[in-house]
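Each remark here refers to the structure printed beneath this line.
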Protein chains: 2
Amino acid sequence: MPLRAIKPQHETRTRILDAAEELFMQHGFEGTSMRALTTRAGVNLAAVNYHFGSKDALIEAVFRRRLDPMNAERISALEELERPEPEAIIRAFLRPSLRMIEDAKSGERNFIRLLGRTYTEPTKGIRALIGQMYAPAMERYKNALERALPQMPRDELVWRMHFMFGTLAYTLAATDTVQLIAGCKPEDRYDARLLEDRLTAFLAAGLHAPLTSSIKKAA
Amino acid sequence: MPLRAIKPQHETRTRILDAAEELFMQHGFEGTSMRALTTRAGVNLAAVNYHFGSKDALIEAVFRRRLDPMNAERISALEELERPEPEAIIRAFLRPSLRMIEDAKSGERNFIRLLGRTYTEPTKGIRALIGQMYAPAMERYKNALERALPQMPRDELVWRMHFMFGTLAYTLAATDTVQLIAGCKPEDRYDARLLEDRLTAFLAAGLHAPLTSSIKKAA
DNA sequence: GTCTATAGTCAGATAGAC
DNA sequence: GTCTATCTGACTATAGAC
């Protein structure tokens, strides 16, 4: 049997998802037309509506394809930790997303940047969707950090998790053209291991920051 | 002379800018039509083109109105520091933007959320514009932190500034509907002073985080 | 400076042949 | 499943009266 006979079951779907990932990342959801998208994918204009039903449903599919496995990986990485200390928990959370920036060949790098941008997406529906997909992993990580840091007021922990999440989101979304602070070594940007070390050092220190009197008072 | 005779010089301009701030925040740039915008502002459809020339020029004006004064404030706050230690530098940077979230009456709160979102905006022109407006303040803060932390490798400092910036951006952009981590006290969200304390504690600790061997090796 | 009316373009979606 | 052709609506921008 010739190899060519094994044709991907949904090649057109995949081509559309890959093109959508790239163009949504570059131009945003509203800025990407169905025409541009189907042209890039090399498929017919009507294919998106045939396979996904609508542009909105395509957006949802783009996130589901990668986000559900990524969060499943986060959950299993957390469960496999023998000694769930804060630093290890942070690394377990960071790794699945950082690994994607190294993969320039498949669209994972596109996706991870798109994701970083979408945390602050204006459209309500998309935010709700993302929140829903993250919820199970978030709940477990929150519980794990509460156990690892029993002395931390719960409100303050939630804020610090927000801060950690923001740092990751921004780091993932940043592109070569966003250089608010000049002087970044471009080659370090795609070194997931080094970035993980940098982020972990920064975030673990922030998580352990001493509680000032105003913070204690608010708790 | 009746008070009503004192009419703001460019009332229409201001109404447009306020409406743009709000709608851009809610629906993004592409998602906000001139029709929706002028209707909300209570002005004629043609007014945007008359006063600003185009939709793009309006977007630029929205940012210039608040960002230029905000960064000027950052620069003067930095220059007024007697002992420029890291924590004081961080506070000087955070304060002008956090103060805006308390002001629910004028559009400043809208603006600051819009700004948080725009750091990761896909459109190249807008990113370049924002970068340009930030450049003078960024350069000075970078220099101040380099002097305050002489033992820190320059590359690592630049990364940590990126992380700090991301944390701030995400915190500003987050709305009531974005609740990736459940359990945030809503009333704390608009307390700028408490938020400044929380952010400063977290960021200062991150900035001082010990350098791991992999980070030292990369420097 | 403000308005109406409209030009000119492009969007997302679909009907129906193959 | 894939295609062409096309519908309907919305968009930005502008011309020209007041």
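Note on naming: letters A, B, ... go to the chains in the order of the sequence lines (proteins, then strands), and numbering restarts at 1 for each one.
In this structure, CG on B:Leu78 lies 8.5 Å from CD1 on B:Ile75, to the nearest 0.5 angstrom.
Taking the ring axis of B:Phe93 as reference, the NZ or CZ atom of B:Arg74 stays within 45° of it and closer than 6.0 Å to the ring centre.
We find that A:Arg193 and A:Asp197 are joined by a salt bridge, their nearest charged nitrogen and carboxylate oxygen being less than 4.0 Å apart.
Of all the residues in residues 48-58 of chain B, B:Asn49, B:Ser54, B:Lys55 reach under 4.0 Å from DNA chain D with at least one non-hydrogen atom.
Screening residues 11-47 of chain B for ring-ring contact (aromatic ring centres under 6.0 Å, His included), with sequence neighbours left out, gives B:Phe24-B:Phe29.
Under 4.0 angstrom from either OP1 or OP2 of D:dC11 there lies at least one side-chain N or O belonging to B:Ser33. Taking side-chain N and O atoms only, A:Thr12 has a distance below 4.0 Å to OP1 or OP2 of D:dT2.
Distance CG (A:Leu23) to P (C:dA11): 12 Å, rounded to an integer number of Å. Look at NE2 on B:His27: it is 15 Å from P on D:dA10, rounded to the nearest Å. Rounded to whole angstrom, the span from the CE atom of A:Met34 across to the P atom of C:dT9 amounts to 23 Å.
Between B:Tyr170 and A:Phe165, the two ring planes are tilted [angle within 30° to 60°].
Under the side-chain contact (heavy atoms from CB on, under 4.5 Å) criterion, A:Asp18 pairs with A:Thr14, A:Glu21, A:Arg65, A:Arg66, not counting sequence neighbours. For B:Thr39, the side-chain hydrogen bond (donor to acceptor under 3.5 Å, both in side chains) criterion is met by no residue, not counting sequence neighbours. In this structure B:Glu108 satisfies the side-chain hydrogen bond (donor to acceptor under 3.5 Å, both in side chains) test with no other residue, sequence neighbours excluded.
Residue contacts for A:Thr32: at a heavy-atom cut-off of 4.0 Å it reaches the sugar-phosphate backbone alone, with no base atom in range.
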Give me, pair by pair, the N or O atoms of the protein and of nucleotides 4-7 of chain C that are less than 3.5 Å apart, along with how far apart they are.
| residue | atom | partner | partner atom | Å |
| --- | --- | --- | --- | --- |
| C:dT4 | OP2 | B:Asn44 | ND2 | 3.0 |

